[in-house]
Structures are given as C-alpha cells and as structure tokens.
Amino acid sequence: MAGSHWESVEQCLEKHLPAADLREVKRILYGKETRKLDLPSRACQTALEGEFELQGYAFEAAVEQLRHPRIVRVGLVQNRTPLPADTPVAKQVSALHSRIEAIAEVAAMCGVNIICFQEAWTMPFAFCTREKLPWTEFAESADDGPTTRFCQKLAKKHDMVVVSPILERDGEHGDILWNTAVVVSNSGAVLGKTRKNHIPRVGDFNESTYYMEGNLGHPVFQTQFGRIAVNICYGRHHPLNWLMYSLNGAEIIFNPSATIGVLSESLWPIEARNAAIANHCFTCAINRVGEEHFPNEFTSGDGKKAHRDFGYFYGSSYVSAPDSSRTPGLSRCRDGLLVAELDLNLCRQVNDVWNFKMTGRYEMYARELAEAVKPSYRPNIVKE
Ligand SMILES: NC(=O)NCCC(=O)O
C-alpha cells in the first residue's frame with residue numbers, strides 16, 4: 001500500500017489523463033465542478049512557510065427569490081502529530097496547540113466561519129496499544145480543560161466556531177473517558193458537546209478498551225453560521241447515525257476521523273459523500289496524516305508479528321454537497337487546511353428535487369426496526 005510517496009488520486013489523474021478524459025472522469029467521480037476559491041496571497045504564503053497545504057473551493061446554489069444565499073466557509077484541518085509519541089504528554093499537547101494555532105490563523109485569513117480538527121487531535125492515536133498510561137493522561141475536561149480553553153481563545157479571536165474532538169475525562173461522572181467533540185461558539189462560549197456513538201472493534205482500533213459508546217444521542221448545534229453536527233470517525237459506517245443528525249436538522253455534518261489505508265481507504269471517498277446525498281446536507285470528512293510509532297510493541301490479533309506502528313493515516317480530507325458534488329481531497333501525506341464555501345440553501349433545493357425526507361418511509365422502518373431488535377424476532381424470509 002502506498003504511504004507518503006503517493007500524493008493523491010487527484011494528482012495521479014491529472015498527471016496521466018488527457019484533458020478531455022480528465023473532464024469526464026471528474027464529472028463522474030466528483031460531480032458538478034466546485035469553483036476554486038481565490039484565497040488571499042498572505043494566507044497562501046503563510047501556509048507555504050508553515051509547510052501545510054491550502055486548498056479552497058466553493059459550492060454554489062441557485063438564486064432564490066425569497067431567501068438570501070446562506071454562505072458559510074468551513075475549514076477542515078488534517079495534520080500529523082509533530083512530536084514522537086514517547087515525548088512527555090504536556091509537550092505533545094503544547095506542540096499540537098501551536099501547530100493548530102498556526103493553521104487556524106490561516107483559516108481566519110481565508111474567512112473561515114467554522115473550523116473542525118481531526119479526531120482526538122491533541123494526541124497520538126494510541127488506542128492500538130491497549131495500554132492505559134500515559135495515553136489516558138491526554139484526556140481532558142470538555143467543559144474547561146486546557147484544550148477547550150485554548151479553543152475558546154481561538155474562537156473569540158477569529159470570530160469562528162471551533163469543533164474540537166478530544167479524549168474527554170468526565171470528572172462529574174466517575175472520571176470516566178469519552179471520545180467527544182466540543183463545540184465552541186464564535187462568541188467563545190462552549191455551546192455543547194457530542195460523543196462518538198459507535199466504537200470500532202476492527203483491526204488495531206481497540207477503542208472500546210478506553211471508552212464506551214456515547215450517551216448524548218444526536219445533538220445538533222445552532223450556530224450563527226448554520227446548524228452543525230459531528231459524527232465521529234467510525235460513526236460514518238452507520239447510515240442511521242448520519243440520518244439522526246439530519247433528522248435533527250443538521251445542515252453540515254463533520255466527520256473527524258483517524259483511519260488507515262489498509263483498512264478503509266477504498267471506503268473513504270464513498271461514505272461521507274453518500275451521507276451528504278442521502279441526507280440533503282453537507283458533510284466534511286477529516287482524517288489525520290502520517291505514521292505514528294509507539295514505544296512498546298503490540299499485536300493485532302491476526303497471527304502476525306508484534307509491531308510498533310499503527311499503519312498509514314492517509315489524510316485525504318474533503319467536503320461533499322447534497323447534490324453529489326465534492327471537493328478534491330487534500331493530500332494523503334501532508335498537513336493541510338481545506339477551505340470550502342457552502343451555500344446552505346442548496347440543502348433545501350436538493351431536498352425539493354429528490355424528496356428523500358418525504359419519501360423516506362421512516363414510520364415503516366421505525367415499526368420494522370422496533371420488531372427486529374426484539375429477542376423474539378424471526379427474519380421475514382419467505383420459503384417455498
Ligand atoms: N477512529 C476510528 O473510529 N477508526 C476506525 C476505523 C475506521 O472507521 O475507518
């Protein structure tokens with residue numbers, strides 16, 4: 001499997017396809033073309049100096065007579081962990097804060113209204129190890145931990161909503177851990193939090209060793225820039241998870257993730273994009289970048305040798321729209337900021353064309369699902 005030497009699908013297509021073929025391939029693979037944003041040269045220069053990729057695209061909606069366009073800019077941040085995983089915890093957190101502060105600065109120059117970081121952004125993705133210390137020391141209070149306070153400062157300074165996915169230590173409920181996204185309003189106030197609903201039990205994603213399935217349901221946050229929700233990583237494989245955020249009114253659903261090539265790279269371009277189509281909303285898929293090595297060897301329960309690395313986190317963050325169009329992905333191997341301008345009016349416009357909310361037959365499924373989860377349920381198979 002390609003690691004850091006293979007940049008992206010987009011770069012490969014552009015390198016090898018003749019222009020006419022490329023146009024057709026892009027039309028089919030990416031939908032209606034997104035307009036390239038003209039980002040400020042100061043932002044491009046700062047990104048270059050800071051060694052991260054900066055890309056910007058706009059999705060457009062039809063002009064309506066009664067509603068003004070509802071334009072919002074989102075920023076998706078993908079990054080590698082800047083320090084080795086065996087560096088003292090406080091140093092790692094502080095290095096990540098500095099890295100994100102620099103990227104958020106550029107996001108502000110680009111007029112970003114809502115920024116979202118990758119899953120468990122303040123730490124290496126250490127759940128593969130099944131060890132507790134020092135990894136559980138990365139957990140913080142969602143209400144007033146150092147990272148939430150850091151995000152509050154960012155939000156206020158840049159007048160930006162900040163979505164901050166962290167490992168949460170819930171001091172009010174027995175000091176237990178959760179995989180949580182904190183949503184900080186552009187006023188600097190903590191608007192609320194949401195927790196990862198589905199925990200992976202696949203490959204080295206041994207996350208159930210650390211925390212349980214979220215207990216907060218499917219909250220949607222009304223921000224000044226639109227209604228947003230956060231479907232954390234593995235939740236993207238569960239169509240009902242997306243659906244519930246959408247039924248609660250989400251117009252943009254962020255999917256902060258940490259996932260590796262051998263496991264999910266072929267699923268990645270499909271799932272968040274399909275969710276945008278199926279739910280008439282925008283989705284923002286974010287993945288971390290690079291390889292992370294751990295001090296002690298661990299096994300993967302697959303008969304293979306013990307090892308110290310998780311595998312390759314392939315970045316490739318992207319935004320999808322309800323009309324099936326999507327941005328190109330960020331690089332597979334570099335830190336990056338993807339800026340996307342959305343007109344939220346597109347959600348209702350596509351809803352009016354395809355009517356999935358109207359034709360969804362939710363009552364029928366609610367009835368059938370209520371039966372299907374009963375221990376006494378027998379599958380409805382008609383036999384000769
Ligand atoms: N972080 C996480 O839930 N990863 C699971 C693997 C995947 O969903 O691709």
Side-chain angles (χ1 to χ4, degrees), residues 1-3 9 76-81 85 96 116-131 135-136 138-139 163-168 177-182 193-216 218 229-243 245 253-276 283-294 298 300-302 307 309-318 320 329-330 332:
M1 197 211 73
V9 172
L76 282 58
V77 180
Q78 67 174 42
N79 58 281
R80 54 182 70 235
T81 45
L96 276 155
C116 182
F117 311 136
Q118 64 199 22
E119 182 184 19
W121 73 269
T122 59
M123 60 183 292
F125 215 69
F127 310 128
C128 53
T129 66
R130 301 190 291 274
E131 299 161 348
W135 317 119
T136 53
F138 283 93
V163 180
S164 169
I166 58 166
L167 184 61
E168 178 194 357
L177 304 181
W178 300 100
N179 186 322
T180 299
V182 184
K193 66 187 171 192
T194 180
R195 289 176 175 149
K196 185 170 181 170
N197 281 326
H198 299 273
I199 309 288
R201 290 162 175 83
V202 56
D204 280 331
F205 292 90
N206 301 316
E207 299 175 36
S208 57
T209 310
Y210 297 86
Y211 44 81
M212 301 299 288
E213 279 76 7
N215 59 354
L216 299 178
H218 296 84
V230 193
N231 177 357
I232 303 177
C233 194
Y234 184 76
R236 79 180 176 284
H237 311 301
H238 297 271
L240 291 178
N241 207 33
W242 296 102
L243 174 69
Y245 293 116
I253 308 178
F254 292 93
N255 175 232
S257 300
T259 187
I260 53 167
V262 278
L263 186 68
S264 64
E265 201 161 2
S266 57
L267 282 56
W268 183 253
I270 300 168
E271 292 174 308
R273 187 173 182 206
N274 186 53
T283 59
C284 304
I286 304 168
N287 187 22
R288 66 174 60 201
V289 182
E291 274 178 355
E292 295 176 1
H293 297 265
F294 296 93
F298 53 90
S300 301
D302 57 3
H307 47 281
D309 69 295
F310 204 134
Y312 192 71
F313 294 102
Y314 53 84
S316 309
S317 304
Y318 70 99
S320 274
L330 286 178
R332 293 176 74 256

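Position 1 is the first residue of the sequence, and the numbers go up from there. Both ligands and their constituent atoms are indexed starting at 1 by order of listing.
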Inset, instruction - Enumerate the atoms of ligand 1 whose separation from the nearest heavy atom of P200 is less than 4.0 angstrom. - result: 2 (C), 3 (O), 5 (C)
Inset, instruction - For atom 2 (C) of ligand 1, find the nearest protein heavy atom and state the residue, atom name and distance (0.1 Å precision). - result: C233 SG, 2.9 Å
Legend entry - Side chain to side chain, W178 and M212, heavy atoms closer than 4.5 Å: yes
Inset, instruction - Quick one: look up the protein heavy atom nearest atom 9 (O) of ligand 1 and list residue, atom name and how far away it is. - result: T259 OG1, 2.6 Å
Inset, instruction - Heavy atoms only: give me the nearest V163-V230 pair and the separation to one decimal. - result: CG1-CG2, 3.7 Å
Inset, instruction - Give the atoms of ligand 1, by number and element, whose distance to some non-hydrogen atom of F125 is under 4.0 Å. - result: 1 (N)
Inset, instruction - Look only at interatomic distance and state if A258 has a nitrogen or oxygen under 3.5 Å from any nitrogen or oxygen of ligand 1. - result: yes
Inset, instruction - Report the part of L263 (side chain from C-beta onward, or backbone N, CA, C, O) that has a heavy atom under 4.0 Å from ligand 1; answer both or neither where that applies. - result: side chain
Legend entry - Pair Y234, T259: side-chain N/O donor-acceptor within cut-off below 3.5 Å: no
Inset, instruction - Answer with side chain, backbone, both or neither: which part of F205 has a heavy atom less than 4.0 angstrom from an atom of ligand 1? - result: side chain
Legend entry - Element-labelled atoms of ligand 1 that are located less than 4.0 Å from some non-hydrogen atom of S264: 9 (O)
Inset, instruction - Determine, using heavy atoms of H198 and all atoms of ligand 1, whether some pair is separated by less than 4.0 Å. - result: no
Legend entry - Heavy-atom closest pair, residues Y314 and S264: OH-OG, 2.8 Å
Legend entry - Ring centres under 6.0 angstrom apart (F294, F125): no
Legend entry - Validation row, ring centre W135 to ring centre Y210 under 6.0 Å: no
Inset, instruction - Going by heavy-atom distance to atom 3 (O) of ligand 1, choose the closest among R201, K196, E119. - result: K196
Legend entry - F127 touching ligand 1 at heavy-atom level, < 4.0 angstrom: no
Inset, instruction - Indicate the atoms forming the closest heavy-atom contact of R236 with N231, along with that distance. - result: N-OD1, 3.6 Å
Inset, instruction - Return yes if some donor-acceptor pair links the side-chain N/O of N179 with the main-chain N/O of L167 below 3.5 Å, else return no. - result: no
Legend entry - Nearest-contact summary for atom 8 (O) of ligand 1 - protein heavy atom, Å: H237 NE2, 2.6 Å
